[in-house]
Structures are given as structure tokens and as C-alpha cells.
Amino acid sequence: MAGSNPCILSATGVKNEEKKLFVIKLVVTHLTFDASQKRMKKLHVLLVGIVLGVGALPSYGFVVVATPPPPPPVVVVRPAPPGPGWVWVPGHWVWRGRWVWKHGHWVRRPWPGAVWVPGHWARRPGGWVWVPGHWAR
């Protein structure tokens, strides 16, 4: 085969059967590459969507989508704090294929004056999304 372009066949020194075989290989390779390229493009679009979606989230959390609304919070008698500088983190519902109550607990304040902002379930298109709690100044 002559020339630097592998897609161009020289008529000299190449039999018709070799040309046909080369063309078949070229077509199969192109089709395989084309299908692979389409899969890669779909994967790229999916990854970009994930990255953009994650970038839109608060840096301290993750997203859980549940379709039925969460039940009302469970009323709990808060136990005494273990000592000064401890903050109560209230319990909340967790979606695990069904609603499960996660009990509240005491945590040590990470810095003086830190305030715990409780997490909550927010209605979004397609269901309910957990917005995690976080520390604020």
C-alpha cells in the first residue's frame, strides 16, 4: 500500500481480494470506532451532567431523592448534654427504600459560637431531596 494515508490504496501491487479485505476492515473499524465514539459521547455528557449537578450542591452534602414525602418528625425528649460546649443535633427521617428515623445526638461545638443549622427535606421535581445540616458562624 502506498502513501501516508492508510485509507488510500495504490492500484499497483495490491490484489483485488486484498483491496476488498482492506475496505471491509476499514468499514468495520470505522463502525466500531463510530459506535465507541457515540458511547464515549454519551458517557461524556453524563459525566458533565454529574459534575455540574454536584457543583450545584453545597460542598458539605449529598443528594438523596425519595418519592413519598417524609413523615412528621418524631417528638423526642432531649437528654441532658454531656457537658458545656455540646450542641443537640436533632433526629430526622432517612430514606432507605422506606422511611427510617435517625435519632438525634449531642456533638461538641467545633468552634466558639458555632450554630448547628439542622438538615431538612425539601420538595423538588421528582421527589424529596435531603439538604444536610451544617455548622454556621
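Hydrogens, waters and symmetry mates play no part in the numbers below; they use all other heavy atoms, side chains included. The residues of the chain are indexed from 1 along the displayed sequence.
- A 4.5 Å side-chain heavy-atom check between V100 and K102 finds every atom pair outside the cut-off.
- Among all heavy-atom pairs drawn from V76 and W101, the shortest one is CG2-NE1, 4.5 Å.
- Closest approach of W128 and P69 over heavy atoms only: NE1-CA, 3.1 Å.
- Heavy-atom neighbours of R98 CZ from other residues, nucleotides or ligands within 6.0 Å: at or below the threshold of 12.
- Of all heavy-atom pairs spanning A136 and V117, the tightest one is CB-CG2, 3.9 Å.
- Under the 3.5 Å distance criterion, the side-chain polar atoms of W135 are left unmatched by any main-chain donor or acceptor of W111.
- Of all heavy-atom pairs between W99 and P68, the closest is CZ2-O, 3.1 Å.
- Put simply, V94 and V107 are part of two different groups of oily side chains (I, L, V, M, F, W, Y) that touch within less than 4.5 Å, one to the next.
- Between W106 and P79, some side-chain heavy-atom pair lies under the 4.5 Å cut-off.
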Indicate every side-chain donor-acceptor pair of residues 86-93 with a distance under 3.5 Å to a residue at least two apart or in another chain.
unit_1 : atom_1 : unit_2 : atom_2 : d
W93    : NE1    : P71    : O      : 3.1
W93    : NE1    : P72    : O      : 2.8

